[in-house]
Amino acid sequence: MARRGAGNWARWIGFAVFGLASGALGADAPLPATVDFNRDIRPIFSDNCYACHGPDKNKRKAGLRLDTQAGIFSKIEDRTTVLPGHAGESELFRRITAADPKERMPDPKSNKRLTDREVALVKKWIEQGATWKGHWAYLPPVRPPVPGAEQAGFTRNAIDPFVLARLKDSGLTPAQ
């Protein structure tokens with residue numbers, strides 16, 4: 001019985017190390033060609049901004065909501081939160097890159113901070129037009145186009161072209 005428990009601990013430690021290593025590698029991953037709001041931006045806002053600028057009106061600060069389309073593209077006083085195509089003129093981008101801790105967001109008191117990659121994603125998203133999407137759970141599913149990748153003896157079903165395309169993108173070839 002003790003041996004079995006020891007093996008489980010070793011397995012869990014292995015998973016933990018792999019998870020940490022995977023997370024570290026993700027931070028250096030190149031930015032996607034097209035920044036997707038639901039995949040790339042909403043998680044940043046959810047993790048770092050919604051506590052003060054989300055759905056809870058009792059905790060909301062500055063009258064700003066970043067969990068709605070109207071809030072993201074709102075104008076407060078004479079400042080536009082996000083001006084599509086213009087990161088430099090977007091108050092949100094100005095605040096996440098501000099040098100002054102009194103202006104920088106997230107508020108330093110929150111113990112949250114955007115990584116350089118997250119800042120770059122937000123900038124690229126704004127520069128690409130700041131396309132907003134509703135929550136993925138409320139969007140109809142869209143079938144992705146099937147990649148044109150084929151290889152004799154490998155592609156036997158509808159999933160294989162996707163696997164082969166991903167392998168080729170990574171500079172790999174399938175095992176025969």
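In this text, all values refer to a predicted model and were calculated from it rather than measured experimentally. For reference, positions follow the sequence shown, starting with 1.
In this structure, SG in Cys49 is found 8.0 Å from CD1 in Ile96, a value given to the nearest 0.5 Å. Rounding to the nearest 0.5 Å places NZ of Lys75 at 4.5 Å from OG1 of Thr80. Put simply, CG on Leu31 and CD on Glu118 are 11.0 Å apart, with the number rounded to the nearest 0.5 Å. Interatomic distance, CZ of Arg166 versus CG of Asp169, reported as 6.5 Å (0.5 Å rounding). Atom CG of Leu121 sits about 5.0 Å away from atom CZ of Arg117, to the nearest 0.5 Å. Atom-to-atom distance recorded for Phe162:CZ and Asn157:CG is 10.5 Å, nearest 0.5 angstrom.
Smallest separation of non-hydrogen atoms from Gly134 and Leu139: O-CD1, 3.5 Å. When every heavy atom of Gly63 is checked against every heavy atom of Ile76, the shortest pair comes out as O-CD1, 4.2 Å. Scanning both residues, Phe93 and Ile126, for their nearest heavy atoms gives CB-CD1, 4.0 Å. Contact between Val163 and Phe154 at its shortest, heavy atoms only, is CG1-CZ, 4.0 Å.
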### Query
Please walk me through it: do Glu127 and His86 pass side chain to side chain contact (heavy atoms under 4.5 Å, CB included)?
CA-CA 6 Å; Glu127 289 173 345; His86 304 279; over 6 Å; no
### Message
For a side chain to side chain contact (heavy atoms under 4.5 Å, CB included) check, start with the C-alpha distance between Thr81 and Ser90, then their side-chain angles and the critical distance, and finish with the verdict.
### Response
CA-CA 5 Å; Thr81 305; Ser90 298; over 6 Å; no
### Message
I'd like to know whether Thr173 forms a side chain to side chain contact (heavy atoms under 4.5 Å, CB included) with Leu167, so could you lay out the CA-CA distance, the side-chain angles of the two residues, the decisive distance to 0.1 Å, and finally the verdict.
### Response
CA-CA 6 Å; Thr173 57; Leu167 287 171; over 6 Å; no
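The hydrophobic clustering, which links ILVMFWY residues whose side-chain heavy atoms are closer than 4.5 Å, places Val119 and Phe37 together.
Glu91 meets the salt bridge (Lys or Arg N to Asp or Glu O under 4.0 Å) test with Arg79, Arg94, Arg95; sequence neighbours excluded. Residues that satisfy the salt bridge (Lys or Arg N to Asp or Glu O under 4.0 Å) test with Arg60, not counting sequence neighbours, are absent from this structure. Legend: residues meeting salt bridge (Lys or Arg N to Asp or Glu O under 4.0 Å) with Lys133, ordered by chain and number and at least two apart, are Asp36.
Asp67 and Arg65 are joined by a salt bridge, as a carboxylate oxygen and a charged side-chain nitrogen come within less than 4.0 angstrom of each other.
In the displayed structure, Asp116 atom CG is contacted under 6.0 Å by at most 12 heavy atoms of other residues, nucleotides or ligands. More than 12 heavy atoms of other residues, nucleotides or ligands sit less than 6.0 Å from atom CG of Leu172. Annotation: Arg39, atom CZ; neighbour count of heavy atoms from other residues, nucleotides and ligands within 6.0 Å is above 12. Atom NZ of Lys124 is surrounded by more than 12 heavy atoms from other residues, nucleotides or ligands within 6.0 Å.
Residues Pro147 and Leu164 have side chains not in contact (no heavy-atom distance under 4.5 Å, counting atoms from C-beta outward).
Centroid-to-centroid, the aromatic rings of Trp132 and Phe73 stay 6.0 Å apart or farther.
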